[in-house]
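In the text below, chain A, chain B and the rest are named by the order of the sequence lines, each starting its count at 1.
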Amino acid sequence: MSSYKSEFMRTMEERGFLHQLSNAEGLDELCAKETVTAYIGFDCTASSLHVGSLVQIMMLHWFQKTGHRPITLMGSGTTRVGDPTGKDESRKVLTDEDIEGNKNGIKQVFEKFLQFGDGPSDAMMMDNADWLLKLNYMDFLRDVGRYFSVNQMIQRDSVRLRLEREQHLSFLEFNYMLLQGYDYLEIHRRTDCRLQMGGSDQWSNILSGVDLGRRLADKELFALTTPLLTTASGAKMGKTAAGAVWLNADMLSPYDYWQFWRNTEDADVEKFLKLFTILPMDEIKRLAGMEGAEINEAKKVLATEATALLHGRIEADKAAETARKAFEEGANAAGLPTIEIAATELKEGLGILNAFVTAGLCSSNGEVRRNIKGGAVRINDKAEQDHNRSITDADLTDDGVIKLSLGKKKHVLVKPV
RNA sequence: GGAGGAGUGCCCGAGUGGCUAAAGGGGGCGGACUGUAAAUCCGCUGGCUAUGCCUACGUUGGUUCGAAUCCAACCUCCUCCA
């Protein structure tokens, strides 16, 4: 079925990673012949990546698994500029300290998916600040700027949309594509990297680098993008009830991460199994063949496998077990997200509004009030109608905790310490 | 540099002196139905120490008893001219 010779390209194709390729045959041949180096860049705009980046990370994972060398590029240099792609407005300028902090937060995730080291296919981490900060403006303009046509630059979606929407686009941001193009050239020079991958929104940025490679290094560089991920009903990937689906455990617990995958739409189960687990294809086919309520089993596998990749098998099994208890037995599973509160404070009584905000279930007292009115607020599984109610140690269950629920799916345990 | 037009809540978009925390739609959240799914239907959707107070219609000032609405300057964008 697949016409590709290299294991990497075959895998990418059958698992649904491919969207655009600059030269499919050429890349396939190269991957079949030798150990290739490829990179993907990541912005340092937040202290954790979220599931939106997971496709790219999985791609690097497979790239390494099929015998090649992946590079993760931390964009701490380009983050100082800000990628205008897909943004309505200029992003706030981040301070260098913020960027450095974000970089450190993001780094941790890669170690879960990639093996770093000095071997031929061991992953490397680079940071474009290492060369971008040293650039000399005049040299850069002359050596790189001459190859960029403003006529073409303003046709690009990232720029055109801003222009059409009558949104400000600073010259600073306008330069982003040059810098990303230059990154590719620089990484190629340093590591003989031949491939840049990324989300489909990065296509034109990647091609800038391909162009530079041909002109300044006289070498064919390759470009590969993944499809833009949306759910079957069209929503963007990566939102949950509580906000973004962060990859760092301190920003989204393994339990919540598991829940995110568990709540996948039926129509997405196969696609997600292929992209976000490393289960063999025939197993995925079997799971994806399930219908009706049975498909819930496939979703549990998806959730556990995806969670295991990120947080480890132990955490994944724990999350699955917690969910089983909470949803299938209705029990007060101890593994639910838990907040701690001083026992003395609990003795005096904690206002229900305060409690739900502290637990992170609501973002303001007003929201708690509205949810109480809407019948969504429960304490120890009992609906609560009184916004003046306090929770006290009298509410402690036999397990020594108090269970706060918002709706049917969101639960937090309060534990006195 | 000149002339004209525009900037509204998470997004789109109505509103041209008080009845406006701002129509409508989208999104989000909650409820019903289910399978912790989708679709559908219903409710909610600025904050607070809450029959009141505060913040909010690009920014800063001003007029007025009262401003998203009027005026001035500034910022950004669009169109035409130079």
Inset, instruction - Using the ring pair (Phe, Tyr, Trp, His ring centres under 6.0 Å) rule, pick out the option among Phe42(A), Tyr39(A), Phe116(A) that qualifies with Phe110(A). - result: Phe42(A)

Inset, instruction - Measure from NZ on Lys410(A) to C1' on G30(B) and round the result to the nearest Å. - result: 8 Å

Legend entry - Nearest-Å distance once atom P is located in both C10(B) and C57(B): 11 Å

Legend entry - C80(B) to C48(B) separation - P atoms, rounded to the nearest Å: 48 Å

Inset, instruction - Write down the distance separating the C1' atoms in U20(B) and G46(B), rounded off to the nearest Å. - result: 14 Å

Inset, instruction - Determine the Euclidean distance between corresponding P atoms of G43(B) and U59(B); express it in Å to zero decimal places. - result: 34 Å

Inset, instruction - Round to the nearest Å and state the distance from Leu406(A) atom CG to G43(B) atom C1'. - result: 14 Å

Inset, instruction - Could you measure between the two C1' atoms, the one in A14(B) and the one in G9(B), and give it in whole Å? - result: 13 Å

Inset, instruction - Figure out the CG/C1' separation between Asp266(A) and U36(B), and round it to whole Å. - result: 12 Å

Inset, instruction - Mind calculating the distance between CE (Met290(A)) and P (A37(B)) to the nearest angstrom? - result: 18 Å

Inset, instruction - Keeping the roles fixed (side chain from His411(A), backbone from Lys408(A)), state whether a donor-acceptor pair exists under 3.5 Å. - result: yes

Legend entry - ring pair (Phe, Tyr, Trp, His ring centres under 6.0 Å) partner of His311(A), the single match among Tyr255(A), Tyr257(A), Phe113(A), Trp258(A): Tyr257(A)

Legend entry - Identity of whatever pairs with A14(B) - Watson-Crick or G-U, under 3.5 angstrom: none

Legend entry - Integer angstrom distance from the C1' of A23(B) to that of C12(B): 14 Å

Atom pairs under 3.5 Å: protein N/O with N/O of nucleotides 44-48 of chain B:
| residue | atom | partner | partner atom | Å |
| --- | --- | --- | --- | --- |
| G47(B) | OP1 | Ser364(A) | OG | 2.8 |
| G47(B) | OP2 | Arg370(A) | NH1 | 3.1 |
| C48(B) | OP1 | Asn365(A) | N | 2.9 |
| C48(B) | OP2 | Gly366(A) | N | 2.9 |

Inset, instruction - Take atom CD of Gln385(A) and atom P of G30(B), then tell me their distance rounded to the nearest Å. - result: 16 Å

Legend entry - Separation of the P atoms in C71(B) and C78(B), to the nearest angstrom: 24 Å

Inset, instruction - Could you measure between the two C1' atoms, the one in G58(B) and the one in C77(B), and give it in whole Å? - result: 11 Å

Legend entry - Most 5' of Ala376(A) and Lys300(A) on RNA chain B, judged by nearest nucleotide: Ala376(A)

Inset, instruction - Taking salt bridge (charged side-chain N to carboxylate O under 4.0 Å, His left out) as the test, write out the residues that go with Glu7(A), two or more places apart. - result: none

Inset, instruction - Would you mind classifying the nucleic acid contact of Lys299(A) as base, sugar-phosphate or nothing, using non-hydrogen atoms under 4.0 angstrom? - result: base

